[in-house]
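One-based numbering, in listed order, for ligands and for the atoms of each. Only a predicted model underlies this, so the values are computations on that prediction, with no experimental measurement involved.
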Amino acid sequence: MKIIYSIKEMSDFSKKMHLQDQTIGFVPTMGALHVGHLSLIRKARGENDKVVVGIFVNPMQFGPKEDYKRYPRNLKLDAQLCRQEGTDVIFYPDVRQMYPANYKTYVVVQDLSDCLCGKFRPGHFKGVATVVTKLINIISPDVAYFGQKDAQQAIIIKKMVEDLNLAVKIKAMPTIREKDGLAMSSRNTYLHKDQRRDAVVLYQALTQAKDLIRQGNRDSLDIIRKMRRLINKRRSANIQYISIVCPQDLKPVDKIRNKVLIALAVFIGKTRLIDNIVVSP
Ligand code: AMP
């Protein structure tokens, strides 16, 4: 396995592979890899000749008061995990190469970026769309793999690839969870013991919503009210939003008639966690 630090070397590698008719599967991450990331790498490994894992903590997608500086970084451990999963290349560019001092260009996916998480993290999805476009241009992967854990992100990236005619297929893979249901996340490492216990309430609230819908409840407001009641029982939990939306355009749904995306963001202490499920009535 190679670790490539330079953009030029990365795109030279990809060109060489394509000349040899080798397909490239790409898994973009911010590192601090866990089993959720590894599930994407395994899928990429099974479907492509070469697997490239991107590790880049992208400053453009963090707000000024967010955790960019303290975000967990551990290249040595990440490299070990990537090697075990049969990764061919880790692409690990530095910030100055990705965003030189005179950097001017951004990618914005309108509307889809302004709701749900986008409402509370202005500029976040602009940062995501911009870095993913750059990475796709540098690596030219045949397929790029994203997690359903970040459902809004996957939807935005798919729309961006369609609108900009980018020559890559986007695949969204299921959320990998801890035994108790908590969605795996690099940010779970921030949680203290009692907070970790409270954090399971995101999944419990989503499961409760799914059960209510399966039992015939079609009223989003009522379901959200019940989810709020459950979450607010946890001392360390502070709800940022709970939304029930259409999984295509992310518009709010009042009466549930078709498949819906139920998404939420909850602060557990100072740690902001997100989760979601898709439910059919
Ligand atoms: P991140 O390093 O958090 O930016 O995540 C990199 C990729 O891994 C994104 O496409 C995420 O959606 C995906 N991912 C993160 N956590 C999980 C999880 N628990 N299950 C599946 N995919 C995940």
Side-chain angles (χ1 to χ4, degrees), residues 25-46 51-63 66-68 70-75 77-79 81-82 85 87 90-93 95 98 112 116-118 121 124-136 139 141 143-161 168-191 196 199-200 202-203 206 247 261 263-266 271-278:
F26 173 46
V27 181
T29 81
M30 299 203 298
L33 301 182
H34 51 66
V35 179
H37 298 114
L38 301 189
S39 74
L40 304 182
I41 299 174
R42 279 173 205 157
K43 182 75 177 165
R45 181 67 287 165
V51 173
V52 177
V53 175
I55 298 181
F56 180 62
V57 185
N58 174 33
M60 199 192 280
Q61 71 188 64
F62 286 80
E66 293 181 353
D67 55 343
Y68 174 68
R70 69 186 279 250
Y71 196 84
R73 292 162 171 88
N74 193 340
L75 179 59
L77 193 61
D78 288 348
L81 291 168
C82 285
E85 297 300 333
T87 300
I90 291 178
F91 179 48
Y92 192 84
V95 174
M98 289 292 275
L112 295 175
L116 306 178
C117 289
R121 301 186 74 188
H124 169 66
F125 289 113
K126 170 172 144 183
V128 170
T130 300
V131 80
V132 171
T133 303
K134 285 172 69 74
L135 291 168
I136 287 172
I139 298 163
V143 189
Y145 298 83
F146 291 83
Q148 182 64 28
K149 156 85 186 344
D150 300 274
Q152 186 176 13
Q153 169 173 281
I155 289 164
I156 287 172
I157 298 299
K158 279 185 181 164
K159 187 69 189 131
M160 175 187 91
V161 163
V168 59
K169 187 172 168 52
I170 302 298
K171 290 199 179 177
M173 305 308 300
T175 302
I176 305 296
R177 301 178 178 281
E178 302 284 356
K179 272 206 189 81
D180 63 358
L182 174 66
M184 289 194 181
S185 163
S186 307
R187 290 189 169 99
N188 291 350
T189 56
Y190 297 151
L191 300 171
R196 171 63 188 82
V200 71
L202 280 82
Y203 181 65
L206 290 170
L261 171 70
L264 76 174
V266 178
T271 303
R272 183 180 179 277
L273 299 180
I274 58 169
D275 202 348
N276 68 84
I277 48 167
V278 174

Does K43, at its NZ atom, have more than 12 non-hydrogen atoms belonging to other residues, nucleotides or ligands within less than 6.0 Å? no
Scanning both residues in full, the closest heavy-atom pair of G118 with F125 reads N-CE1, 3.6 Å
Please could you name the atoms of ligand 1 that T175 approaches to less than 4.0 Å, counting only its heavy atoms? 20 (N), 21 (C)
Check: D67/Y190 side-chain N/O donor and acceptor closer than 3.5 Å: yes
Please answer whether the main-chain N or O of A183 pairs with a side-chain N or O of N188 as donor and acceptor at a distance below 3.5 Å. yes
So, is F146 polar-close to ligand 1, with some N/O to N/O distance under 3.5 Å? no
To which protein heavy atom is atom 11 (C) of ligand 1 closest, and what is the distance rounded to 0.1 Å? D150 OD2, 3.1 Å
Verdict with reasoning, Y68 to N58, per side chain to side chain contact (heavy atoms under 4.5 Å, CB included): CA-CA 8 Å; Y68 174 68; N58 174 33; over 6 Å; no
Contact region, R177 to ligand 1, non-hydrogen atoms below 4.0 Å, reads neither
Determine, using heavy atoms of Q148 and all atoms of ligand 1, whether some pair is separated by less than 4.0 Å. no
Note: P28, heavy atoms under 4.0 Å from ligand 1, region reported as backbone
Option nearest atom 17 (C) of ligand 1 (shortest heavy-atom distance, choices Q61, M173, K149): K149
Please indicate whether any nitrogen or oxygen in I176 is less than 3.5 Å from any nitrogen or oxygen in ligand 1. yes
Please check whether G31 reaches ligand 1 - meaning an N/O of the residue sits under 3.5 Å from an N/O of the ligand, judged on distance alone. no
Report the part of M184 in contact with ligand 1, treating N, CA, C, O as backbone and CB onward as side chain, heavy atoms under 4.0 Å; options are side chain, backbone, both, neither. both
Tell me: protein heavy atom nearest atom 5 (O) of ligand 1, and distance? H37 NE2, 3.4 Å
Within the distance-only criterion (no hydrogens, no angle test), does the side chain of D275 pair as donor or acceptor with the backbone N or O of K149 below 3.5 angstrom? no
Does any N or O atom in S39 lie less than 3.5 angstrom from one in ligand 1, N or O only? no
Within the side chain of N276, is there an N or O that forms a donor-acceptor pair under 3.5 Å with the backbone of L261? no
For residues 31-41, please give each side-chain donor-acceptor pair under 3.5 Å, one per line with the distance, not counting sequence neighbours.
residue : atom : partner : partner atom : Å
H34     : ND1  : G36     : N            : 3.0
H37     : ND1  : H34     : N            : 3.0
S39     : OG   : G36     : O            : 2.7

Using a 3.5 Å distance criterion without hydrogens, assess whether the side chain of K134 forms a donor-acceptor pair with backbone atoms of M98. yes
Any atoms of ligand 1 less than 4.0 Å from a non-hydrogen atom of L40? List them with their elements. 7 (C), 8 (O), 13 (C)
Numbered atoms of ligand 1 (with element) below 4.0 Å of P174, judged on heavy atoms: 20 (N), 21 (C)
Distance-only N or O hit between ligand 1 and G147, under 3.5 Å: yes
Partners of I157 by side-chain contact (heavy atoms from CB on, under 4.5 Å), sequence neighbours excluded? V128, V132, F146, Q153, M160, V161, I170
Between L273 and V266, is there a side-chain heavy-atom distance shorter than 4.5 Å? no
Of all protein heavy atoms, the one nearest atom 4 (O) of ligand 1 is M30 CG, 3.6 Å
Can a non-hydrogen atom of Q153 be found less than 4.0 Å from any atom of ligand 1? yes
Give the atom numbers and elements of ligand 1 that come within less than 4.0 Å of a heavy atom of H34. 15 (C), 16 (N), 17 (C)
